Each structure stands twice: as C-alpha cells, then as structure tokens.
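First up is the structure itself, then whatever we jot down about it.
From a predicted model like this one, the values you see are computed outputs, not experimental measurements.
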Amino acid sequence: QVQLVESGGGLVQAGGSLRLSCVASGISFSKYSMGWFRQAPGKEREFVTAISRSGDSIYYADSVKGRFTISRDNAKNTVYLVMNSLTPEDTAVYYCGAKLWDPIGTRRLEYNYWGQGTQVTVSS
C-alpha cells in the first residue's frame with residue numbers, strides 16, 4: 001500500500017518559517033521525482049516545486065522562488081520543503097506528490113500518488 005504522509009504544517013506569523021516533510025512508503029522512493037503542490041480555499045491546486053530522483057534538478061514556481069527550498073533524502077524516503085519569509089498568500093493545504101521517473105512534473109495529472117495534505121496558515 002502506497003502512502004505519502006505530510007507533516008510540519010501549522011500556524012505561523014507573516015515573515016516566519018516552516019519545514020514540511022513528506023515520508024513515502026510502499027514505493028521505491030528513488031524511482032520517483034517528487035513535488036509539492038498547494039491548494040488555497042476556493043482555488044485550484046497549484047504547483048509549488050519539484051525535485052528529480054537524484055535531486056540534481058529542481059524547479060520552483062515564480063511565487064515561491066527565493067523563499068522556498070525543496071530537498072530529498074532517498075535513504076529516509078523523505079522529501080522536505082523549507083518555507084521562509086511566509087506571507088498570508090502562502091496559506092493553503094500543502095500536498096506532496098510522487099511521479100514515476102524523471103523529468104520533474106509541474107502538472108497534477110503527471111503525478112501517480114498524493115499525500116493527504118498538511119495545513120499551512122500564515123497570519124498577518
């Protein structure tokens with residue numbers, strides 16, 4: 001059974017930081033590129049960032065470039081998202097996704113598995 005379990009969300013003030021984690025089980029983690037998406041109330045789920053299987057290729061949405069950092073630890077089957085300089089516009093449920101093989105994907109339909117999401121709320 002495939003599981004992606006996100007954690008690390010919470011309530012933070014504007015300008016603050018959070019680190020999200022996503023632990024995968026039931027898959028050969030190193031065969032999957034990984035991505036983070038987010039969905040704000042009343043909006044579509046949008047791409048945030050993604051990382052290739054080895055970590056040598058990374059792509060960020062313009063809205064988070066320079067503030068967010070994605071990384072992965074294949075030995076721990078885990079992908080991370082460090083979020084700095086958070087603003088209220090970053091408030092959303094954050095989801096991690098697993099996409100079989102490279103290249104990294106920016107579209108929801110490219111991903112094979114999803115986690116249940118973790119809520120991030122940024123207060124002004």
Is Val64 reachable from Ile58 through a run of I, L, V, M, F, W or Y residues, each pair having side-chain heavy atoms under 4.5 Å apart? yes

Return each pair, listed once, that meets salt bridge (Lys or Arg N to Asp or Glu O under 4.0 Å) where at least one residue sits in residues 91-120; pairs must be two or more places apart or across chains. Arg53-Asp102, Arg107-Glu110

Which residue pairs pass the disulfide bond (SG atoms under 2.5 Å apart) test when at least one of the two sits in residues 30-73, sequence neighbours left out? none

Ser30: side chain to side chain donor-acceptor pair (under 3.5 Å) partners, not counting sequence neighbours: none

Applying side chain to side chain donor-acceptor pair (under 3.5 Å), name anything that partners Glu46, two or more places apart in sequence or on another chain. Arg38

Heavy-atom side-chain contact between Tyr94 and Val120 under 4.5 Å: yes

The complete set of disulfide bond (SG atoms under 2.5 Å apart) pairs with one or both residues in residues 72-115, sequence neighbours excluded, reads Cys22-Cys96

Trp114: hydrophobic cluster co-members (side-chain, 4.5 Å): Phe37, Phe47, Tyr59, Val93, Tyr95, Ile104, Tyr111

All pairs passing salt bridge (Lys or Arg N to Asp or Glu O under 4.0 Å) where residues 17-34 contributes a residue, at least two apart: none

Check for me, please, whether Met34 and Trp101 land in the same ILVMFWY cluster - side-chain distances under 4.5 Å, paths through other members count. yes

Transitive ILVMFWY side-chain link Val2 to Trp36, under 4.5 Å: yes

Asp62: which residues meet the side chain to side chain donor-acceptor pair (under 3.5 Å) condition with it, sequence neighbours left out? Lys65

Smallest heavy-atom separation, Tyr60 atom then Ile70 atom, equals OH-N, 3.0 Å

Shortest non-hydrogen separation from Ser124 to Ala14 and the atoms involved: CA-CB, 4.3 Å

All pairs passing side chain to side chain donor-acceptor pair (under 3.5 Å) where residues 68-85 contributes a residue, at least two apart: Ser17-Asn84, Arg72-Asn74

Applying side chain to side chain donor-acceptor pair (under 3.5 Å) to Thr106 and not counting sequence neighbours gives none

Output for pair (Gln119 CD, Thr91 OG1), nearest 0.5 Å, gives 7.5 Å

Side chain to side chain contact (heavy atoms under 4.5 Å, CB included) evaluation trace for Asp90 with Arg67: CA-CA 11 Å; Asp90 295 315; Arg67 300 188 299 122; 2.8 Å; yes

What one should report as the nearest heavy-atom pair of Ala92 and Ala40 is CB-N, 3.8 Å

Taking all heavy atoms of Gly105 and all of Ala50, pick out the closest pair and write down the distance. O-CB, 3.8 Å

Should side-chain heavy atoms under 4.5 Å link Ile, Leu, Val, Met, Phe, Trp and Tyr, which residues sit in the same cluster as Val23? none

Ala24: which residues meet the side-chain contact (heavy atoms from CB on, under 4.5 Å) condition with it, sequence neighbours left out? Leu4, Ile27, Phe29

Assess the residue pair Leu20 and Glu6 against the criterion (side chain to side chain contact (heavy atoms under 4.5 Å, CB included)); give the C-alpha distance rounded to whole Å, side-chain angles, the decisive distance to 0.1 Å, and a yes or no. CA-CA 7 Å; Leu20 306 184; Glu6 301 98 333; over 6 Å; no

